Amino acid sequence: MQFLLQVVVSGLAAGFVYGLVAIGHSLVFRLTGTVYLALGDVIGLGIFTTLLVAAGTGPVTQTSVATGRFLGALTVGVLVCVVAGAGGYLFAVQPFLQRGSTLGWVGGTLALAFAIHAAIESFFPRSGYVFRDPIPFRRIGEAGFVAVGDASFQVRTIYVGAVALALAALSAWAINRTRSGRGLRAIASDREGALVVGVPVERLVALAFGLAGGVGALAAITAAPSAPVSADTGTLLGVKGLAAALLVRFGPAWLALAAGAAYGLLEAAIANVSLGDLELGPEYSAAIPLGLVLLLLAVRPPREAFEEVE
Amino acid sequence: MSVAPAFARTGAALREAGRNALLAWGPGAWLALAAFALAALVPFVLPASVRLDGLAQTGYLALAAVGLGFAVGVGGMPSVAQGAFVGVGAVGAGHLIGWGVPPLLAALVGALAAGCGGVLVGAAVVRFRPVFVVAATWLATWLFAFTLEALPSLTGGARGLTVAPEKIAGLEPSATLHYELALGLVAVSLLAYRALARSSFGVRLRAAGQRPAAAVALGVDRPRLRLAAFAGAAAVAGLAGGLAVQLDGVVDPEAYDAFLSFTLLVAVLIGGAATALGPAVGVLAVGALSLVADALARLTGAESARFGPMLAALLVLSVLATGSDGIVPAVSRRIRRAGRQEHEPGVELRRPDEATLTADGLQKRFGELVAVRDVGLELRSSRVAALIGPNGSGKTTVLRLLAGTLPPDDGGVALDGRPLTHTADERVELGLVRTLQSNAVFGELTALENALVGASLRRRYGGALRALLATPKARAEAREARARAQAALAAVGLQKRADVVAQELTGSEQRLLMIASALATEPRILLLDEPSAGASSAELQRLAEILGGLRAEGLAVLAVEHNLRLVRKIADEVVVLHAGTMLASGTPEEVAGDPAVRAAYLGRQSL
């Protein structure tokens, strides 16, 4: 039972981050009908820009960066991410949407993804980098772990989950309540109509691409101190976020968040829980959830996935 | 028994094939032959400093790219999973060779395994819209990578699975042998691509990718064709992987990750997806890039692996930004003169058999709205009926109910007295064909190829494999289908425009082409949705003559029409719809005299 609590907490913390990425994927799909294949790597760019500004490319220890400098680095990282996300739309997606070329935006966004990935790897060639924790969670409990009954879990996982939830709430609020959000919803339901009534379509969509990257990066950076990060960290977030978004058919923000949470829980369960003799372990935690999502997509595809033939 | 005549027939067919090949042999073929002969000599004239195994690997990569090019360019499926299928072939062949299976057989089994993987993924995605094809194949690529990570036994763990070099067909497995093998396979794959793309299989596949609804309306079994193309492309990738792994000597899981899928897609994009040669040229361009990356790396002292992706990304973005559809299409547009294809001597379309289509008490609701209420009518051979009514009166809905593409809530449609419950291609095969409302021609196909989509409907020997092997039956049938397509074009007066790409035809020519494609299926009942939309008065006259000709040929025709002058000229019977119900029916004169019709619909306009 206690062990289960541990799995739930860590699964949810990872899952809410996937959920935020899934919200970004859903938003992009609803606005443009494309899949933003570079989203994960744009987020990775945010993580590593923050790391670069905070500590350079050398090894970072838990005490080597001042909090003020870290906050500055975080701002720069998220800003870079917003600019890269929006730039990705303007250079790798929008020109091809205009031409109706699917291959164009697929090639464009993948090119952007791999270029960012390669750039990160060339600055940060080692397989894992420790991210400095701006909040000293390690002083709480026993080296950052607290015990509830027999279970013990990292305090910062709760913090990560809370931040991700807050960001999701903020995103949902922005989409539903702000003027720009109304514009975005208008574009999603009828792009031409939105243009006619004077919604600045291109500017808002570029902004949405940027925010999808920025919000994802903020969540990913919040989670980053929990485990070493590498160039693959962002890429994998993008893939898992896409899987979660597909699970709820690129649905509304809260649904996408829930799908991400479910995905994270499943991963944690596969990594840790044993059912009788069946013990899977962490090596299967990536493959099985993704396989299930694909299986579900094959067996019960959403109606909007089909080409209209009548 | 009848062995001797069979041999004689085969001999005659072979002689004829030889003659045709000689006739078709032009400067382009000489050029291609010379290029491959030169390429085959490369290992023997190359300075020792150039690594031949790299060239051989490039050759295998090109093989996989040609397969992907077919799925993307002809099949219209933007797959980003081709690298995973290369991996399936490599892992499969690597293990088989370890168990003592001969290398070529191992590679073929690897190809088969990848083909099965292609069927699995393809079964899910062939009905999808392109964006969902992208999403699903992208996740499939990652699933393959995660699976290799989860099951280290598949790839021999951290050290990788060593594949000991074995003699291939009795020859030493040198880099030279692999190079020549790869080159030969690329040549074969290019020929296969060309043969398939031009066959009726390829034409229907392209049609299904460009205008799904229009292709299905012409009886194209879209999912089956696309599945064959997707799985075939995967099998080619598996073959490339199964052979390349023998050259590498090790199964390296990281070699088949998402980056390989990306590289293959880049090659297809840069070279040009819609041509056979494009993907192979694209692989060469990517290969040249990696040489540049190496040079840059030497200059800066960094690892070249870092520059490759960035250069590839820059190249693909700049090629894409120019709006080009790739190197090969751009070059070939400059050097190719508009070639005229040979056309078969005139064949007449088969006179249609008798047919009746009866509808009784048709009812259709969309939510609260009753779109069609209690509509009944009968279509008979050698008669033209017109369905008229104001906008929103339910004309197109009735047409869809009659065509069987929309199930009625109540009432039923019967073809020759039997209720209409068939799949789209079965209905077309039974002779019930409908054209769509918009100009739903296949824009990138020529007029003749458009008609060929319909003319290929009843082909029994028109599958991908038979087209590849060019069996005598398939060839005879292809000739006949081409002749039928030609006859269908002639029936609407478009025979002189046969080689024009459909999107370059005028609007009214496109509408006539839609009728021609439908006629090429040799229908008994033709349902036309606003054939006169946007036509000038001269074009109306031409359309009236064509419809009159179809009636004389014995077809049953129903046209949804707005143009009352055309209706009066051509219709034997007119059905007037108003708010989903039948207001009147009868001859044009009877309907025109009906006071209810005049009051409710026609107003001051006279029929």
Side-chain angles (χ1 to χ4, degrees), chain A residues 25 29 32-35 37 91-92 95-96 99 101-119 121-123 125 235-236 239-240 242-243 245-246 250 280-281 283-291 293-295 297-299 301-302 304-310, chain B residues 72 78 80 120-121 123-125 127-136 138-140 142-143 145-152 212-213 215-217 222 258-259 261-262 265-266 268-270 273 302-303 305-310 312-317 319-321 323 325 400 405-406 424:
Chain A
H25 274 301
F29 178 83
T32 60
T34 67
V35 178
L37 296 171
F91 290 104
F96 308 113
R99 265 182 252 151
S101 161
T102 302
L103 276 181
W105 64 254
V106 174
T109 53
L110 278 181
L112 181 64
F114 282 103
I116 292 176
H117 192 271
E121 268 194 334
S122 60
F123 283 105
T235 315
L236 292 178
V239 170
K240 291 170 182 177
L242 178 61
L246 215 49
F250 298 108
L280 288 166
E283 62 269 34
Y284 298 100
S285 68
I288 292 177
L290 187 58
V293 169
L294 275 175
L295 192 66
L297 184 67
V299 179
E304 57 263 52
F306 289 109
E307 189 83 74
E308 281 196 27
V309 290
E310 172 47 46
Chain B
V72 173
V80 271
L120 276 181
V121 178
V125 305
R127 290 166 200 267
F128 283 3
R129 290 195 287 138
V131 58
F132 278 87
V133 175
V134 173
W138 180 242
L139 291 184
W142 282 96
L143 179 62
F146 290 162
T147 306
L148 289 188
E149 249 173 63
L151 306 171
V216 170
R222 187 169 178 271
F259 188 64
S261 290
F262 167 65
L265 190 76
V266 166
V268 168
L269 273 173
I270 294 177
E303 266 185 75
R306 315 262 179 255
F307 286 102
M310 280 190 270
L314 273 180
L315 184 72
V316 79
L317 278 176
V319 167
L320 290 173
D325 47 2
R400 290 176 63 191
T405 53
L406 190 70

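Given the structure is predicted, the values throughout are model-derived calculations rather than measurements. Quick note on labels: first sequence line is chain A, next is B, and so on, each numbered from 1. The figures that follow rest on heavy atoms only: side chains count, while hydrogens, waters and symmetry mates do not.
Ring orientation note: the planes of B:F259 and B:F262 are tilted relative to one another, at an angle of 30° to 60°. Note: A:F114 and B:W138 have perpendicular aromatic rings, judged against thresholds of 30 and 60 degrees for the angle between ring planes.
Options B:V134, B:L148, B:V268, B:L406 differ in how many heavy-atom pairs under 4.5 Å they form with chain A, and the most are formed by B:V134. With chain B as the partner, the residue from A:L242, A:L236, A:L290 showing the most heavy-atom pairs under 4.5 Å is A:L290. When each of A:A92, A:A305, A:A298 is checked for heavy-atom pairs under 4.5 Å with chain B, A:A305 comes out on top. Counting heavy-atom pairs closer than 4.5 Å to chain B, the top residue among A:R99, A:E307, A:K240, A:H25 is A:E307.
The distance from the CZ atom of B:F146 to the CD atom of A:E283 is 14.0 Å, given to the nearest 0.5 Å.
Contacts of A:T102 with chain B are made by side-chain atoms alone, with heavy-atom separations under 4.5 Å and no backbone atom involved. Using a 4.5 Å cut-off between heavy atoms, B:V133 makes no contact with chain A at all. Contact annotation for B:V72: only side-chain heavy atoms (C-beta onward) come within less than 4.5 Å of a heavy atom of chain A. Heavy atoms closer than 4.5 Å to chain B are found nowhere in A:I116, neither backbone nor side chain. Looking at B:A273, the atoms closer than 4.5 Å to chain A (heavy atoms on both sides) all sit in the side chain, from C-beta outward. Neither the backbone nor the side chain of B:V266 comes within contact range of chain A; no heavy atom of the residue lies under 4.5 Å from a heavy atom of that chain. In this structure, chain A has heavy atoms under 4.5 Å from both the backbone and the side chain of B:L139. When heavy atoms are compared at a cutoff of 4.5 Å, B:L143 approaches chain A by way of both its backbone and its side chain. The contact between B:L151 and chain A is made entirely by side chain atoms (from C-beta outward), counting heavy-atom distances below 4.5 Å. Of the atoms belonging to B:A145, not a single heavy atom falls under 4.5 Å from chain A. Contact annotation for B:W142: both backbone and side-chain heavy atoms come within less than 4.5 Å of a heavy atom of chain A. Contact of A:L110 with chain B is made through backbone and side chain together, with heavy-atom distances under 4.5 Å.
Between B:F132 and A:P302, some side-chain heavy-atom pair lies under the 4.5 Å cut-off. Side-chain atoms of A:L103 and B:L265, non-hydrogen and from C-beta on, do get closer than 4.5 Å to each other.
Closest approach of A:L294 to B:A136, counting heavy atoms only: CD2-O, 3.7 Å.
Remark: B:R129 engages no residue in a side-chain hydrogen bond (donor to acceptor under 3.5 Å, both in side chains) (not counting sequence neighbours).
Taking a 6.0 Å sphere around CZ of B:R127, one finds it holds 12 or fewer heavy atoms contributed by other residues, nucleotides or ligands.
Checked by atom type and distance alone, the side chain of A:T32 never pairs as donor or acceptor with a backbone atom of A:F29 at under 3.5 Å. Looking only at distances, no side-chain donor or acceptor of A:S101 sits under 3.5 Å from a matching main-chain atom of A:F96.
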